[in-house]
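Computed from heavy atoms alone, side chains included, the values below leave out hydrogens, waters and symmetry copies. Since we're looking at a predicted model, the values are computed, not measured.
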Amino acid sequence: MGRPRTTPASTVPGRAHGQGPLTAAVASGTAELRPDRDRPHAWELLLDGAPQSLVDLADPTHLGFAYQRRIGHLIDLAAPARQPLTALHLGGGALTLARYTAATRPRSRQQVAEIDTELTDLVRTELPLDRGWQIKVRGGDARAVLERTPDDSTDLVVTDVFAGARVPAHCATTEFVRHAARALTGAGHYAANTTDGGALAFARAQAATLLAVFPEVCLIADPAVLRGKRFGNLVLLAAHTPLPLTDLTRRLATDPAQARLLHGRDLTDFTAGAAPVTDAAAVPSPAPPPRAFD
């Protein structure tokens, strides 16, 4: 997909690197904005020391985190280039993927559910959105917003919900995923970010959960994460119709970070017999090990 031009340096709005890092108390903990060393208008958002988002105010198409690039590939392939989408983002952070969608697909209509309104206020002040983007950020629990979303109303649902550094239990169940499937259009796409390590019990159960709801599911992760060698992100993609696996694989091969895509028998083998997760038995994702983000 062609990229729009970046903003000239002299007109970039928002916090400047010369102002230095910023730390602020928000409802979910301590938020920190750190200037990126390699990009003069980019900022990393951390919550209680855990990286949450990376935003380049001069180039909203820049996705600095590997998991966000993987979801970005799906956004690129979800419809013909620059065709607007209706999107629901569950979990806001610094709104990186909403910014990406707005920049690459002008006139897209997007809603973001972010429970921490103090964090949203901080982001809007220091890392402002383009006034022309149709992005509405609503304060509220991600699942509650999803449950109120009308049937067949959105082209894209992105779930990137964390309480601290853990996926909340109530946003990792078949009941939750069924609401997402109901909200999607027939040609819509679902993406979920999760984290796990070691034996990957949580990630295997999440794959089984999506397979119980959607006919098409794939998983993307770093090979070292899939081997249980380190803690990291795993991205699950799902749809009612076939996923663009060939194009996804081709794009992943060009990324700086290595990735494997599991689908079909490979994904079924990955689940290792894990059962889909229900509300009655749900648990949050595991806490990151010490120094996981050093």
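Arg107 and Gln134 form no side-chain donor-acceptor contact under 3.5 Å, judged by distance and modelled atom types alone. Asn233 and Thr195 form no side-chain donor-acceptor contact under 3.5 Å, judged by distance and modelled atom types alone. If you check the side chains of Ser285 and Arg166, you find no donor sitting under 3.5 Å from an acceptor. No donor-acceptor contact under 3.5 angstrom links the side chains of His17 and Asp36, judged on distance only. Side chains of Asp222 and Tyr67: no donor on one and acceptor on the other come within 3.5 Å.
With a 6.0 Å radius and a threshold of 12 heavy atoms from other residues, nucleotides or ligands, Arg182 has its CZ atom above the threshold. With a 6.0 Å radius and a threshold of 12 heavy atoms from other residues, nucleotides or ligands, Glu118 has its CD atom above the threshold.
We find that Asp155 and Arg105 are not joined by a salt bridge, their nearest charged nitrogen and carboxylate oxygen being 4.0 Å or further apart. In summary, Arg251 and Asp247 do not engage in a salt bridge, as defined by a charged side-chain N under 4.0 Å from a carboxylate O. Remark: Arg39 engages Asp59 in a salt bridge, criterion side-chain N to carboxylate O under 4.0 Å.
Residue pairs satisfying the side chain to side chain donor-acceptor pair (under 3.5 Å) criterion with at least one member in residues 200-220, sequence neighbours excluded, are listed as follows: Glu216-His263.
Residues that satisfy the ring-ring contact (aromatic ring centres under 6.0 Å, His included) test with Phe214, not counting sequence neighbours, are Tyr190, His240.
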Query - Stepwise side chain to side chain contact (heavy atoms under 4.5 Å, CB included) test for Arg99 and Val55 - result: CA-CA 9 Å; Arg99 298 170 195 262; Val55 167; 3.7 Å; yes
